[in-house]
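Working notes, beginning with the structure itself.
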Amino acid sequence: MPLSWNEIKTRAIAFSKEWENESSEDAEAKSFWDDFFNVFGVSRRRTATFEKAIRKQDGKQGFIDLLWKGVILIEHKSKGKNLDKAFQQAKDYFPGLKDHELPKYILVSDFQNFRLYDLDRNKNYEFELKELIGNIHLFGFIAGYEKREYKEEDPANIQAAERMGKLHDALEASGYTGHDLEVYLVRLLFCLFAEDTGIFEKTQFQDYIDRHTKEDGSDLAMHFAQLFQILNTPPEKRLKTLDESLSAFPYVNGKLFEEVLHIAAFDSKMRDMLLYACGLDWSKISPAIFGSMFQAVMNPTERRNLGAHYTSEKNIMKVIKPLFLDELYSEFEKAKNNRRQLHELHQKIANLKFLDPACGCGNFLIISYRELRKLEIKILRELNKTGQGFLDVREIIRVDVDQFGGIEYDEFPVRIAEVAMWLIDHQMNMQVSEEFGQYFVRLPLNKAAKILHGDALEIDWNNIFPKENLSYILGNPPFIGSKIMKQSQRDQIVKQFDKADGSGVLDYVTGWYIKAAKFIQSSKIKVAFVSTNSIVQGEQTSILWGQMLNKYNIKIHFAHRTFKWSNEAKGNAAVFCVIIGFANYDTNNKSIFEYEDVKGEAHELKVKKINPYLVDAKDILINKRSNPLCNVPKIKFGNQPIDGGFLLLNEAEKDEAIKNEPGIEKHIRQFVGSVEFINNIPRYCLWLNKVEPNELRKFFFITERLKKVKEFRESSSRKETRELAKNPSQFAFISHSESEYIIIPSVSSERRRYIPIGFMPAEVITSNLCLIIPNANLFHFGVLTSQMHMTWVRSMCGRLKSDYRYSNSVVYNNFPWPISPNEKQIKAIEIAAQKVLEVRTMFPNSSLADLYDPLTMPSMLLTAHQSLDKAVDLCYRSQLFPNELSRIEFLLGLYEQYAAPMFKDEKKKKLV
């Protein structure tokens, strides 16, 4: 067990005094370094080797003065000798060392002067023996103390996960699989952390493997079986004749080593893998990050993208700060000079209970626990302002892992989460030890986070914590869209929503929202979930929040509007998310976190209300509407062939058909869908609407194509399609009218500032992958192409992946157009809209995809759009809108006016 810092400092003073007057000639090296290691409560004889023979790079044999494998190499010289040469000599030994033997530190000394090289940080420190007490913290790693900064993209996390992945593969290839393999790896993970974080003695696990097992690995599994048993056995119950190296391991308990597993089998390569893993500095590795990476190594396809499989700490803090941490710190600031209030706050945080009902590897629980422990240390620091210290730090640490619980569907993450909570607990205990000068460790493990293996939508959450004891629910439920859910998952959602109309189209994450809403009834429990922004857009919003607000009286307390949920790992797919914090009671302290750039930082807005669209407005729900809210032209889908592709032609097929039968040209029309319209891809169709049969029979190409259409439709399993076989020359759905119309692609990239919208001449046929507005004019085009309409689109439309999916019934038909615009306003919009169309024609070789790509959009076109935006803004009100949030708040207020019963009777008179 590591010494306290106070004890280390006391020993350092005595050591310095004892050796400060010794000359280099009198100094006995072994005694000097034995005493030096003893300062830190470490036996040099058990850890480090004197005069280790080594083959140097030049082939000659050398002798390392002192080597603690994987930790430190010491090279000493006589007083006054050149320490630069000593350092170079130390480095010359590296090629002769195995990977796991390579040290993290080099110390060179002439017994009165010291120079310590931290190889990981690329720093060095130099001081005299008499200054040792002032530099003693540099050697905390010898005792088991090391202060570490955890980086989300730290290569150490990825390297460690990759090493465990290789060991996993090797064990699996040997036939060791399933549950036993998962538990085995988690146990090894614990041991690797333990020896670098002070649970075990420094390199105790590595040394046991290195010194007590055969190089061919044949007896390694047998030794592990015995070691696991020892770690689960109290010292008083262990065999008296047990080997000293085994009896030195502490009693861990916590049920981690309780289960008896099948014996694995290792070979020399697997033993080397494990020793290499031991050589990594596991104190650098964050349990919050590594857990998810470790889980990813179990899947070879996921392993290629390590780093993409965890929720970043930055994003977790977006959840926990407004949920509970900011409020607790506010209480702490107020209580700072009041001991009674500090004690009350300390007791309060010790009584809090947290549940993550989709906890994965425990990331949210780990970070929440760490932050709560940090606050506890700050409280204790305030209580200890006098500097008198505490008699026994064990008596004053109250926050513990059993305040945290979770539910996880897969077993392996459950095991990781349990261990990760112990590991973060130990790391925080090390901070307590450093802060108050007393070594503090919780061994054996008597308490644990309660992580249940099961389906959170089926389990009673009271099984983790009774509702009356629970304080907060938080997490990141599964991102599974409605269209890719399994039927069993869809059935769960419909059940959670009591078979409410429309519940079959909801995403999987909504199940956690509604279950939490039911669970927190008549309580002060606060909830915060991360989810895809689909639950605050499109038709899902009114279905989910209709129940959340009206049936369960849920109030939103804070919200992060849409932001990009990702890290910098290669190939990491972007997910656009929101965070919503809510409860069954209201509050005057509401915040919206707005992102001007979805990849950037948020700025906080204090607001009075937060509605389901995450704006400061009344609780309005936008439902599907069959006709426009305002007096504007109707919108409809384009024409749908359902033909197996036989009524459609590419350019080569069109040219060939015309070449063979020139008269056929009048029956071929340009055919555009979203892709063709945006990318200027030529495509054509046979447009045979109202063509007489004798005309159809003139052309061999047409009759052959119609035969294939008929066959395709007749072979369909869908009755309606089979009916269409009776009329193979006609599209299944025809919306075309022989007049100019506005075309809106149904799917468009979210990267574009504006959806490319345009006018189409009457002769062009539009597919059902676009929407069309016949009888529309420049004013309508101008408003639809403006940022006012784009703001409505971004807030209301559904998504296909991350792309906009334009909806007639939710987006267009509910869009609130300007009220009673005057002729001057209409004219301004028409002029600006015409300018946008004119600028497009100045780039005849560029498609709309080229023109509206944010990287290649011409400045002239952007300027034209900005002028149009200004004209549309001023048609809604007398001043411009400063940002998107102000636009959507205004539009929702306007929508409420239009939807009001008294307004409905007058709207047709007032609108364009």
Side-chain angles (χ1 to χ4, degrees), residues 537 561-562 594-598 600 613 615 617 629-630 632 678 742-745 748-759 773 776-797 804 806 811-812 814-843 846 848-895 911-912:
Q537 295 174 341
R561 285 172 56 79
T562 298
E594 169 70 359
Y595 294 78
E596 292 297 333
D597 177 357
V598 293
Y613 299 97
V615 298
L629 176 72
C630 304
V632 292
I678 293 173
I742 284 177
I743 179 173
I744 303 176
S748 178
S749 170
E750 50 82 21
R751 294 180 60 246
R752 300 185 182 109
R753 184 173 173 81
Y754 305 89
I755 292 177
I757 297 173
F759 281 101
I773 310 173
N777 57 35
L778 265 178
F779 172 78
H780 300 124
F781 169 81
V783 174
L784 292 173
T785 311
S786 72
Q787 275 302 306
M788 282 300 282
H789 183 248
M790 281 304 303
T791 294
W792 188 257
V793 168
R794 281 188 282 269
S795 296
M796 300 299 159
C797 80
Y804 302 124
Y806 198 91
V811 179
Y812 182 84
N814 282 297
F815 179 61
W817 291 71
I819 297 176
S820 303
N822 58 43
E823 289 186 15
K824 183 179 178 181
Q825 291 170 327
I826 293 171
K827 191 65 177 175
I829 289 175
E830 289 175 342
I831 292 171
Q834 184 61 45
K835 184 65 175 177
V836 168
L837 293 172
E838 289 173 0
V839 172
R840 288 181 185 177
T841 64
M842 297 170 67
F843 302 91
S846 297
L848 291 172
D850 301 324
L851 293 174
Y852 284 88
D853 188 306
L855 298 176
T856 59
M857 188 176 191
S859 58
M860 293 174 61
L861 182 58
L862 180 59
T863 300
H865 268 287
Q866 289 171 337
S867 297
L868 177 57
D869 291 340
K870 182 178 179 180
V872 174
D873 277 6
L874 295 176
C875 196
Y876 277 96
R877 69 180 193 183
S878 58
Q879 69 264 30
L880 300 178
F881 293 93
N883 52 42
E884 181 152 314
L885 187 59
S886 64
R887 292 179 192 277
I888 191 61
E889 288 175 354
F890 180 89
L891 287 171
L892 285 171
L894 186 58
Y895 172 87
L911 298 175
V912 172

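All residue numbers in this chain count up from 1 along the given sequence. Source: prediction; values computed, not measured.
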Trace of the side chain to side chain contact (heavy atoms under 4.5 Å, CB included) decision for I757 with I743:
CA-CA 6 Å; I757 297 173; I743 179 173; 5.9 Å; no
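- Counting all heavy atoms, side chain and backbone alike, I678 lies closest to P756 at CG1-CG, 4.5 Å.
- We find the CE-CG distance between M860 and L851 to be 11.0 Å, quoted to the nearest 0.5 Å.
- Annotation: salt bridge (charged side-chain N to carboxylate O under 4.0 Å, His left out) contacts involving residues 851-873, sequence neighbours excluded, comprise R751-D853, D873-R887.
- The two residues I742 and A776 make their nearest non-hydrogen contact at CD1-CB, 3.4 Å.
- From C875, atom SG reaches atom CD1 of I819 across 10.5 Å, with rounding to the nearest 0.5 Å.
- Between the OG1 atom of T863 and the CE atom of M857 there is a distance of 9.0 Å, given to the nearest 0.5 Å.
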Any chance you could lay out the side chain to side chain contact (heavy atoms under 4.5 Å, CB included) test for Y852 and L861, step after step, and finish with the verdict?
CA-CA 9 Å; Y852 284 88; L861 182 58; 3.9 Å; yes
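- Q825 and L874 get closest at one heavy-atom pair: NE2-O, 3.2 Å.
- Across all their heavy atoms, E594 and R561 have their closest contact at OE1-NE, 2.6 Å.
- The environment of CD in E823 is sparse: at most 12 heavy-atom neighbours from other residues, nucleotides or ligands sit within 6.0 Å.
- Residue L880 holds its CG atom at 12.5 Å from CD of Q787, rounded to the nearest 0.5 Å.
- The two residues P816 and Y876 come nearest to each other via the heavy atoms O-OH, 2.9 Å.
- G782 and A833 make their closest contact through CA-CB, 3.8 Å (heavy atoms, listed as atom of the first residue, atom of the second, distance).
- Applying side-chain contact (heavy atoms from CB on, under 4.5 Å) to H780 and the options V783, N777, L778 leaves one that passes, N777.
- Only one option out of F759, Y812, F781 pairs with I773 in a side-chain contact (heavy atoms from CB on, under 4.5 Å); it is Y812.
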Let me see the working for Y754 and L784 under side chain to side chain contact (heavy atoms under 4.5 Å, CB included), right down to the final yes or no.
CA-CA 10 Å; Y754 305 89; L784 292 173; over 6 Å; no
Derivation of the side chain to side chain contact (heavy atoms under 4.5 Å, CB included) call for D850 and F843
CA-CA 10 Å; D850 301 324; F843 302 91; over 6 Å; no
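- To the nearest 0.5 Å, atom CD of residue Q866 and atom CG of residue L868 are 11.0 Å apart.
- Distance alone, capped at 3.5 Å, places no donor-acceptor pair between the E884 side chain and the M790 backbone.
- Remark: L891 CG to S795 OG distance equals 8.5 Å, nearest 0.5 Å.
- Remark: Y595 engages H560, F563 in a ring pair (Phe, Tyr, Trp, His ring centres under 6.0 Å) (not counting sequence neighbours).
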